There are 2 protein chains.
Amino acid sequence: MFTQSEENYLKAIFHLQEEEEGGISTSSLSEKLNTKAASVTEMIKRLADKELVDYQKYYGVKLTDTGRNHALLIIRKHRLWEYFLVERLNFNWDEVHDVAEQLEHIKSPKLVEELDAFLGRPEYDPHGDPIPDAKGNLPEYPKKKLSQLKTGDYGICKGFNDNSSAFLQFVAKQKIGLDTTIKVINIESFDQSMTVLADKKEVLLSKTATDNIYIEN
Amino acid sequence: MFTQSEENYLKAIFHLQEEEEGGISTSSLSEKLNTKAASVTEMIKRLADKELVDYQKYYGVKLTDTGRNHALLIIRKHRLWEYFLVERLNFNWDEVHDVAEQLEHIKSPKLVEELDAFLGRPEYDPHGDPIPDAKGNLPEYPKKKLSQLKTGDYGICKGFNDNSSAFLQFVAKQKIGLDTTIKVINIESFDQSMTVLADKKEVLLSKTATDNIYIEN
DNA sequence: ATAAAGTATTAGGTTTGCCTAAATATTAAT
DNA sequence: ATTAATATTTAGGCAAACCTAATACTTTAT
């Protein structure tokens, strides 16, 4: 149906649409996918030909309904596999991403459904990200970032935006994981870096870090 | 490390080496892989450059030790996934092949080892084919074909050479499966087709069919 | 309003892996 | 031992996905 590369673009566009307003720019896709802008333009045209995205030259792309549904299927597969790797195969949560990135492209509707059933239809993956169901519906999920809190606020960690093993190992080192309670001690006004209390330890987090930690409060 | 296509060639060469003597010809690879002979020649050159095969123009290819080891790893992954699909995800044995063909290319040494452990280190896949261990050793396995039996002989089905769902569904229809006892009733001399008794039913099998059924006796 | 700076697109090139058609080598048959 | 038949390789093309360099469009700043 679609190539792996096309699927990677759909997924990247989907994730960027959750962050950015309006059309997704060539440059943000280029950055996200580690691909040169010229290559992105080329691929975007192919996706537009296949009616997976709406594309306005110089004004970025948006997923069509078909494109969005397919992106959700890839995300569903990715997160189910991550759950499988951690819960059944003893992977650590910070070493599953790259393998899941490969497994998400396996084409077999039966496999997805049976895997989901085998795992007990989990709602969240090991990073706290919600797993879309077979119809593409996402369980409700608090989309608030740690960086949005004020000094003195409390939050409970519910997931991460950056699931790279580098980032996940970093937060683990700071004793921040799923369901960790975090208190904001101080925010530096000049760079928005935050001193927080997590697991009785005070740590300093850059704005980049706090932007990538989802919380509920 | 290697591309999916390269891995498919290695696997095909490995399987053909179990059947044919000497170098594997361009045409048998071409047939096995559903690829034109010219494309095969091209790929073979690439594999020879990478020292995965020894190649003599016009006289076919043989796997090098590196090539053989890699082929065995792919086969190991293929069969472990087939086992997983049938034993854990309720797949039928005749619908796993295509999915396993995709899964065998997933690159993650940890995944293979953990999956093997999770499954209890099985020795045979659902078609009766032996699963190589982490070092590439195969459990002992009777490599005799049903077509080698004489009239009146008995054999016990231990596996199949053709694992396509078409063939597996065909043998299932004839009530032949793993461990089925088969008695040779008659062999037509002009086309080697065989009348056999399996599960108290007499059925006629072409030479093509009996060549693809492995037995022990 | 226009020039400079920043983005995006086009043009032209590469590699992988496939194809067809033409040329060449091997094998089989007289 | 030639010739005919068969198998293999070479030559030249194509599509996917990437790249760099050059060009074109947008936005920002004066």
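Values in this document were obtained by computation on a predicted structure and should not be read as measured data. Every chain is numbered from 1 and lettered A, B, ... according to where its sequence line falls, protein lines coming before strand lines.
OP1 and OP2 of C/dT16 both lie 4.0 Å or more from every side-chain N or O belonging to B/Tyr9. Contact check, A/Ser5 against D/dC18: a side-chain N or O comes under 4.0 Å of OP1 or OP2. In terms of phosphate contacts, A/Thr35 brings no side-chain nitrogen or oxygen within less than 4.0 Å of OP1 or OP2 of D/dA17. Close to D/dT9, at under 4.0 Å from its OP1 or OP2, lies a side-chain N or O of B/Thr26. In terms of phosphate contacts, A/Lys45 brings no side-chain nitrogen or oxygen within less than 4.0 Å of OP1 or OP2 of C/dT9. The side chain of A/Lys57 contributes no N or O atom lying less than 4.0 Å from OP1 or OP2 of D/dA24. The side chain of B/Ser39 places no N or O atom within less than 4.0 Å of a non-bridging phosphate oxygen (OP1 or OP2) of C/dC18.
By the 4.0 Å N-to-carboxylate-O rule, A/Glu113 lies close enough to A/Arg76 to be salt-bridged with it.
Side-chain contact check for B/Lys145 versus B/Thr210: every heavy-atom pair is 4.5 Å or farther apart. The shortest side-chain heavy-atom distance between B/Ile24 and B/Lys62 does not fall under the 4.5 Å cut-off.
Atom CG of A/Leu29 is separated from atom P of D/dA17 by 15 Å (rounded to the nearest Å). Following rounding to the nearest Å, A/Ile44 (CD1) and D/dA17 (C1') show an atom-to-atom distance of 14 Å. We find that CD of B/Glu42 is positioned 21 Å from P of D/dA7, with the value rounded to whole Å. Taking atom CG of residue B/Leu47 and atom P of nucleotide C/dG17, one finds them 9 Å apart after rounding to whole Å. For the pair B/Gln4 CD and C/dG17 P, the computed distance is 10 Å after rounding to whole Å. Here C/dG17 presents its P atom at 13 Å from CG of B/Asp49, a figure rounded to the nearest Å. Residue B/Asn8 contributes atom CG, which lies 14 Å from atom C1' of C/dC18 at whole-angstrom precision. In this structure, A/Phe2 places its CZ atom 12 Å from P of D/dA17, rounding to the nearest Å.
The 12-atom threshold is exceeded at CD of A/Glu18, counting heavy atoms of other residues, nucleotides or ligands nearer than 6.0 Å. In this structure, B/Glu51 places its CD atom where only 12 or fewer heavy-atom neighbours from other residues, nucleotides or ligands lie under 6.0 Å away. Summarising the local packing, CG of A/Asp191 is surrounded by more than 12 heavy atoms from other residues, nucleotides or ligands at distances under 6.0 Å.
A residue-by-residue look at A/Lys36 and B/Val40 shows that B/Val40 has its nearest nucleotide of DNA chain D further toward the 5' end. Taking the nucleotide of DNA chain C with the nearest heavy atom to each of B/Lys50 and B/Ala37, the more 5' of the two is matched to B/Lys50.
Nearest to the side chain of B/Ala38, among D/dA21, D/dA7, C/dA21, sits C/dA21. Closest to the side chain of A/Tyr55, from the set C/dG17, C/dT10, C/dT9, is C/dT9. Taking the side chain of A/Tyr58 as heavy atoms from C-beta on, and the options C/dT20, D/dA24, D/dC19, the nearest nucleotide is D/dA24. Of the candidates D/dA17, C/dC18, C/dA11, the closest approach to any side-chain atom of A/Arg46 belongs to D/dA17. The nucleotide whose nearest atom lies closest to any side-chain atom of B/Ser27 is, among D/dA17, C/dG17, D/dA7, D/dA7. In this structure, of C/dC18, D/dT10, D/dC19, it is D/dT10 that holds the atom nearest to the side chain of B/Thr41.
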